Amino acid sequence: MPASRRRARAKARPIQRATGPAQGRWKTELKSWGQSLAFAVAVGTVVFTFIIQPFVVPTPSMAATILPGDRILVSKLHYGPSTPRTLAIPFTDVYLPGIAFPSTRLPGFSSVQRGDAIVFHYPREAGPIDRKARWFKRVVGLPGDTVMLRDKVTYVNGEAAVPNPNQQQWWQVTLADERMRLNAQRVIELGAEQVRPVGASNTTLVMGTQAMADALAGWSYVATVTPYVLSDAMADVLDLFPSGAGYTTDAYGPVTVPKAGATVALTDETWPEVEMVIRDYEGHTAERRADGTFWIDGAPATTFTFAQDYYFVMGDNRDNSEDRRFWGFVPHDHLIGKPVAIFFSHDPETFVPRLDRIFTRVR
């Protein structure tokens with residue numbers, strides 16, 4: 001056979017690829033890794049959905065209980081986990097719009113208690129409940145409670161509530177001598193979050209806890225330490241809920257927290273509080289007509305019975321928290337769980353770890 005023909009036939013032959021033991025092991029290894037990854041994703045999805053989930057704290061509204069930069073673990077077993085309402089990619093906020101599932105809350109091993117720190121979906125955000133932003137606040141009023149604030153003091157059912165030890169607010173500190181000024185660095189070392197001099201006077205506003213205020217009051221050159229209370233005139237400036245009620249963040253209510261099975265009379269006094277609840281959280285149409293009558297689902301009504309429980313929540317950083325005073329109640333179906341521990345923490349500005357906060361309980 002001529003050499004040119006042999007070369008042509010050699011080129012036409014298909015290339016034989018190796019199918020030996022090495023390639024077989026590679027395929028087996030790849031399959032094993034894929035199965036392990038799928039199993040890990042499935043287990044993680046179940047754990048995050050029904051048992052416990054980590055969250056990052058972005059705002060200071062719960063300081064000093066929970067600080068920006070804290071990574072916390074939220075137990076979904078305390079109040080009972082909810083089955084998913086949407087179809088989403090695991091461990092992301094990406095979901096398929098237009099697909100919704102009926103949700104069921106499974107039994108928990110405890111109920112929400114007054115004073116609990118809770119995590120919930122922000123009620124005023126649009127969209128499916130389980131896609132709404134996650135917020136952290138403390139429960140002040142339970143279903144059926146009557147809550148009001150007077151001069152920064154919270155009253156529940158007529159009795160002054162005991163504040164959480166980490167609760168912060170503005171205090172007005174006045175020194176005994178008009179020529180003196182408060183040393184801001186010393187106050188910060190005492191635990192204050194912020195210090196604001198009032199003009200060129202001997203009065204200073206200090207953000208801190210009751211314990212910090214008590215310590216300040218013990219300084220020999222401090223004359224008084226009193227809660228800094230907003231004037232009633234601020235009601236026209238603050239955008240509180242419901243609009244036009246004349247409330248300030250320091251003088252609020254009284255309001256009654258809706259309770260499942262409780263019936264409220266529909267009046268001009270109750271309507272501003274319950275209209276949004278009836279429409280947005282109870283799933284009914286609601287309107288007040290020009291003749292002063294109230295209509296629910298197209299029929300006249302004089303009362304309404306709530307189908308689920310609600311909660312009155314506020315931030316521990318009372319003067320730096322957007323909470324119930326601004327946007328209303330938290331519905332029970334918006335609950336996520338109870339923050340139980342901080343598993344990592346760092347300063348968001350310096351990125352330095354806060355070693356004293358790692359592996360501490362949330363109270």
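What you are looking at is a predicted structure, and each value in this text was computed from that prediction instead of being measured.
Using a 4.0 Å cut-off between charged nitrogen and carboxylate oxygen, Asp356 and Arg354 do not count as a salt-bridge pair. The residues Asp177 and Arg179 are annotated as salt-bridged, a charged nitrogen and a carboxylate oxygen being separated by less than 4.0 angstrom. In summary, Asp280 and Arg124 engage in a salt bridge, as defined by a charged side-chain N under 4.0 Å from a carboxylate O.
For the pair Trp170/Met207, a side-chain contact is recorded, criterion being any heavy-atom separation below 4.5 Å from C-beta on. Looking at heavy atoms from C-beta onward, Ile342 lies in side-chain contact with Val362 at the 4.5 angstrom threshold. By the 4.5 Å heavy-atom criterion applied to side chains, Arg324 and Val255 are counted as neighbours. The shortest side-chain heavy-atom distance between Ile51 and Leu77 falls under the 4.5 Å cut-off. Side-chain contact between Phe329 and Phe312 is present, with heavy atoms from C-beta onward closer than 4.5 Å.
Remark: aromatic rings of His332 and Tyr310 are distant, center separation not under 6.0 Å. Aromatic pair Phe120/His334: centroids not less than 6.0 angstrom apart.
For the salt bridge (charged side-chain N to carboxylate O under 4.0 Å, His left out) condition, the pairs that include at least one residue of residues 336-345, sequence neighbours left out, are Asp116-Lys338. Sorted by first then second residue, the salt bridge (charged side-chain N to carboxylate O under 4.0 Å, His left out) pairs that include residues 208-224, not counting sequence neighbours, number zero. The list of salt bridge (charged side-chain N to carboxylate O under 4.0 Å, His left out) pairs with a residue in residues 146-171, not counting sequence neighbours, reads Lys152-Asp250, Lys152-Asp319. Applying the salt bridge (charged side-chain N to carboxylate O under 4.0 Å, His left out) test to pairs two or more places apart or on separate chains, those with a residue in residues 298-317 are Arg138-Asp316.
Between Ser345 and Asp70, the side chains place a donor N or O and an acceptor N or O closer than 3.5 Å (distance only, hydrogens not considered).
Put simply, the side chain of Lys132 gets close to the backbone of Glu125: a donor and an acceptor are under 3.5 Å apart. For the pair Arg325 (side chain) and Glu322 (backbone), a donor-acceptor distance under 3.5 Å is absent. The closest donor-acceptor contact from the side chain of Thr270 to the backbone of Ala265 lies under 3.5 Å.
Under the 30°/60° scheme for interplanar angles, the aromatic rings of His284 and Phe304 are found to stand perpendicular. Note: Trp135 and Trp327 have perpendicular aromatic rings, judged against thresholds of 30 and 60 degrees for the angle between ring planes. Ring pair Phe55/Phe136 is perpendicular by interplanar angle, where above 60° counts as perpendicular and below 30° as parallel.
In this structure Lys76 satisfies the side-chain contact (heavy atoms from CB on, under 4.5 Å) test together with Gln53, Pro81, Ile336, sequence neighbours excluded.
Clustering of Ile, Leu, Val, Met, Phe, Trp and Tyr side chains at separations under 4.5 Å places Met180 together with Trp171, Val173, Leu175, Leu182, Val187, Ile188, Leu190, Val195, Val206, Met212, Leu216, Trp219, Tyr221, Val222, Val225.
More than 12 heavy-atom neighbours from other residues, nucleotides or ligands sit within 6.0 angstrom of CG on Asp297.
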